[in-house]
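To start, the structure itself, in C-alpha cells.
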Amino acid sequence: MDARHLTHGLQVAFHETGLTYPNGTVALEDVTLPVREGEFVAIVGPSGCGKSTLLRLAAGLERPTTGSVAVGTRSVGFIFQEATLLPWASVRRNVGLLTDLARLPKAVRRQRVDHAVEAVGLGGFGDHLPRALSGGMRMRVSLARALALQPEVMLLDEPFGALDELTRQEMQLQLLDLYDREGFTALFVTHSVSEAVLLADRVVVMAPRPGRVRAVVDIDIPRPRGPELRFDPAYVAQVQAVSELLRGEQ
Ligand code: ADP
C-alpha cells in the first residue's frame, strides 16, 4: 500500500493503478480514482472491464502490478452477489460469523449482531435458517454480517444482481437507508445505470480491454433519497447521461 496518495479526507486512493494477471490479461490500466471518506461511489461498465478487480485490489486480495492502491482503514466489509450463508446456522449465527473471529467481548458481539439484524429489517427472524428465507432476505443477512463488523469501507460487488426486479428495488432503498444511518464509505459495482445513479454520489464509467476509467459523473441529488426519485426529472436525466457515456464506449 502506498499511503502517499491518501491525502486529507480520502479513504481509498487508486493512483495510476494497473493490474496484469499472471496469464497476461491486462485487467486494469492507469486507473486514478480518489474516494472521499463517507462517499458512495458506484462503478459501471461492461463485463470484463475490471470492476471486480478494482474491488479485489481495495480489499487487498490482489496487488497492483503498476501504480498503487491505498486504503485508509483495516475495517473493510465485502459483499458479493451470492449471500454465501452457512446453511445449518441461524440468521443470528450467520450475522455473527465475522465478529466471532474478531475476538470482541461476548456482550459487544451480541449487541452488534442485534443492531445489524434490526438495521436490515430482520428483527424476528434471528432464529430462522437460511433455507426458510427468500433471496432478498438472504441478501439482508449478508448485509448484516458485513455491518456487524462496523466497517468504515464497504465493498459491494453486484450485490443485487441475482434478485428479481421488485426485490432489487427494495434492497436499493434498504442500502440507501443503511448508508445514511451508518456512514460508511461505499464502492459499489453494478451493471445497472439506474441503480448506480440512485445510490451514488459519483458514478465511475469504465471501458474494457484494457479496463480503464472512461468518465466520472457527479450525481447532485440530495439525500435522503426515496422511491419517488425514480420519477424525478433530474434523476432521469442523470441516468440518461450515464447510459450515453456507457454506450459510447461499446
Ligand atoms: P468485471 O468485474 O468488470 O466483469 P473483472 O475484474 O472480473 O471484470 O475481470 C477483468 C478482466 O480480467 C477480464 O478479462 C477477466 O477475464 C480477467 N480476469 C479476472 N480475474 C482473472 C484471473 N484471476 N486471472 C486471469 N484473468 C482474470
Side-chain angles (χ1 to χ4, degrees), residues 1-2 5 11-35 39-71 76-84 135 139 142-143 146 151 153-165 168 171-172 175 184-217 219 238-239 241-250:
M1 167 168 130
D2 186 342
H5 302 292
Q11 183 66 288
V12 181
F14 296 93
H15 184 77
E16 298 174 358
T17 308
L19 189 146
T20 301
Y21 282 108
N23 68 356
T25 302
V26 183
L28 289 173
E29 193 176 76
D30 195 21
V31 172
T32 293
L33 176 67
V35 180
E39 190 179 19
F40 198 123
V41 172
I43 301 161
V44 297
S47 285
C49 70
K51 303 184 294 299
S52 294
T53 301
L54 263 186
L55 289 199
R56 292 173 59 76
L57 281 163
L61 299 171
E62 301 282 353
R63 285 178 170 277
T65 42
T66 58
S68 65
V69 180
V71 180
V76 177
F78 209 143
I79 294 170
F80 304 93
Q81 186 167 335
E82 299 298 327
T84 57
M139 182 46 68
S142 177
L143 277 175
V153 173
M154 195 73 103
L155 305 172
L156 304 108
D157 196 351
E158 281 267 3
F160 310 145
L163 303 175
D164 63 80
E165 186 55 29
R168 184 171 187 147
M171 291 306 297
Q172 290 164 354
L175 182 59
F184 43 79
T185 305
L187 271 179
F188 185 98
V189 164
T190 178
H191 277 105
S192 162
V193 172
S194 57
E195 180 168 274
V197 174
L198 179 74
L199 296 172
D201 300 311
R202 279 193 300 155
V203 177
V204 177
V205 180
M206 294 191 63
R209 283 179 295 279
R212 61 204 184 281
V213 174
R214 169 58 57 87
V216 180
V217 182
I219 308 298
Q238 294 265 35
V239 171
V242 175
S243 300
E244 277 164 22
L245 284 166
L246 202 55
R247 269 198 304 273
E249 67 179 52
Q250 281 176 320

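Order of appearance sets the numbers: ligands from 1, and atoms from 1 within every ligand.
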How far is [atom] from the closest protein heavy atom, and which atom is that?
{"atom": "atom 5 (P) of ligand 1", "value": "T53 OG1, 3.7 Å"}
{"atom": "atom 26 (N) of ligand 1", "value": "Y21 CD1, 3.4 Å"}
{"atom": "atom 1 (P) of ligand 1", "value": "G48 N, 3.5 Å"}
{"atom": "atom 8 (O) of ligand 1", "value": "G50 N, 3.1 Å"}
{"atom": "atom 7 (O) of ligand 1", "value": "S52 CB, 3.7 Å"}

**Prompt:** Distance-only, no hydrogens or angles: does the T185 side chain make a donor-acceptor pair with backbone N or O of Q11 under 3.5 Å?
**Reply:** no
**Request:** Verify, without hydrogens or angle tests, whether T66 (side chain) and G18 (backbone) share a donor-acceptor contact under 3.5 angstrom.
**Result:** yes
**Request:** Pull out every atom of ligand 1 sitting under 4.0 Å from any heavy atom of K51, numbered as shown with elements.
**Result:** 1 (P), 2 (O), 3 (O), 4 (O), 6 (O), 8 (O)
**Asked** In ligand 1, which numbered atoms sit nearer than 4.0 Å to a non-hydrogen atom of S47?
**Response** 4 (O)
**Message:** I'd like to check whether C49 has a polar contact with ligand 1, where a contact means an N/O of the residue lying under 3.5 Å from an N/O of the ligand.
**Reply:** yes
**Message:** If we set the cut-off at 4.0 Å for heavy atoms, which region of T25 has an atom near ligand 1: side chain, backbone, both, or neither?
**Reply:** side chain
**Item:** NZ/NE/NH1/NH2 to OD/OE distance under 4.0 Å, E62 and R56
**Value:** yes
**Asked** Is it true that E158 and K51 have a side-chain N and a carboxylate O under 4.0 angstrom from each other?
**Response** no
**Message:** Tell me whether the rings of H15 and H5 are parallel (<30°), tilted (30 to 60°) or perpendicular (>60°).
**Reply:** parallel
**Asked** Is there a protein heavy atom less than 4.0 Å away from atom 15 (C) of ligand 1?
**Response** no
**Request:** Nearest heavy atom to atom 12 (O) of ligand 1 wins, so pick from A27, P22, G24, P208.
**Result:** A27
**Prompt:** Roughly how far apart are I43 CD1 and L187 CG, rounded to 0.5 Å?
**Reply:** 5.0 Å
**Complete:** Value for CD1 (I79) from CZ (F188), rounded to nearest 0.5 Å, stands at 9.5 Å
**Request:** Please report the shortest heavy-atom distance between P151 and V76, naming the atom on each side.
**Result:** CB-C, 4.0 Å
**Item:** Sub-4.0 Å heavy-atom contact, G211 with ligand 1
**Value:** no
